[in-house]
Amino acid sequence: MIANVHHRQSIVDLGMQIIGATHLDAALKAKPFCQHKAVFNETGILIFPASAQHATMKADGISYEDDYQGNALAAVFDAHKFEIRWHREFSNERVGILLKKLRENPELSFLNAQLVTYQGKTI
């Protein structure tokens with residue numbers, strides 16, 4: 001199932017899909033403490049409302065599953081922090097490289113101002 005959260009855009013220079021980021025910057029500014037969720041990996045990122053479960057939101061090549069069975073990380077975030085859940089297949093180094101790629105994307109510029117944590121540690 002491909003989630004139809006907002007619109008889908010392919011980012012050619014990064015080779016990543018960005019799904020659900022339309023108007024996100026404005027939403028984070030309007031309601032800075034309103035939580036959102038995301039699942040992501042090297043294929044891309046899928047952003048969706050906090051009312052949905054990570055394991056139910058899927059896109060081509062992006063699948064978070066309970067008990068570390070999927071190929072993607074799960075995150076919960078607001079305008080101030082981006083908290084990434086631990087996944088046994090993602091080392092700190094891999095997460096750091098992935099985060100760098102995400103931060104390079106103009107649609108995800110909100111990440112540059114956020115405290116990002118993985119395993120409770122700032123990256």
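All residue numbers refer to positions in the sequence shown, counting from 1. Values below: every heavy atom of this structure, side chains too, minus hydrogens, waters and symmetry copies. Note that the structure is predicted; figures quoted are calculated from it, not measured.
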So, taking the atom named CG in Leu108 and the one named NZ in Lys101, what distance separates them when rounded to the nearest 0.5 Å? 13.5 Å
So do Val116 and Leu99 actually touch side chain to side chain, heavy atoms under 4.5 Å? yes
Note, Asp60 side chain near Gln17 side chain (heavy atom, < 4.5 Å): yes
Classify the angle between the aromatic ring planes of His80 and Phe33 as parallel (below 30°), tilted (30 to 60°) or perpendicular (above 60°). tilted
When you measure from the side chain of Arg94 to the backbone N and O of Glu89, does any donor-acceptor pair fall under 3.5 Å? yes
Looking only at side-chain N and O atoms, does Gln119 offer a donor or acceptor that is under 3.5 Å from a partner on Asn92? yes
Output the distance between atom CD1 (Ile18) and atom CG (Leu46), rounded to the nearest 0.5 Å. 10.5 Å
For a 4.5 angstrom cut-off between non-hydrogen side-chain atoms, does Asp66 reach Tyr64? yes
Is a side-chain donor or acceptor of Lys37 paired with a backbone partner of Ala52 at a separation under 3.5 angstrom? yes
Could you check whether any side-chain N or O of Asn41 sits under 3.5 Å from a backbone N or O of Gly61, counting only pairs where one atom can act as donor and the other as acceptor? yes
For Tyr118 and Gly96, indicate whether the former's side chain and the latter's backbone hold a donor-acceptor pair under 3.5 Å. no
About how many Å separate NE2 of His36 and NZ of Lys31, when rounded to the nearest 0.5 Å? 9.0 Å
Main-chain N/O of Leu73 paired to His54 side chain as donor or acceptor, under 3.5 Å: no
So CD of Glu93 and CG of Leu98: to nearest 0.5 Å the spacing works out to 12.5 Å
Taking all non-hydrogen atoms of both residues, which atom of Ala55 and which atom of Lys58 are closest, and how far apart? O-NZ, 2.6 Å
Side chains of Glu107 and Ser109: any donor to acceptor distance under 3.5 Å? no
Just one of Ile62, Ile19, Ile84 clears the side chain to side chain contact (heavy atoms under 4.5 Å, CB included) bar with Phe40, so which one? Ile84
I'd like to know if the side chain of Asp78 and the backbone of Lys81 have a donor-acceptor N/O pair within less than 3.5 Å. yes
Enter the distance from Leu102:CG to Phe110:CZ here, rounded to the nearest 0.5 Å. 8.5 Å
Do the non-hydrogen side-chain atoms of Leu24 and Phe77 ever get within less than 4.5 Å of each other? yes
If I take atom CG from residue Asn105 and atom CD1 from residue Ile45, how far apart are they, to the nearest 0.5 angstrom? 9.5 Å
Is there a donor-acceptor contact under 3.5 Å from the side chain of Thr117 to the main chain of Gly120? no
Without swapping roles, check the side chain of Arg103 against the backbone of Leu111 for a donor-acceptor pair under 3.5 Å. yes
Does Tyr68 belong to the same Ile/Leu/Val/Met/Phe/Trp/Tyr cluster as Val95, with side-chain heavy atoms less than 4.5 Å apart forming each link? yes
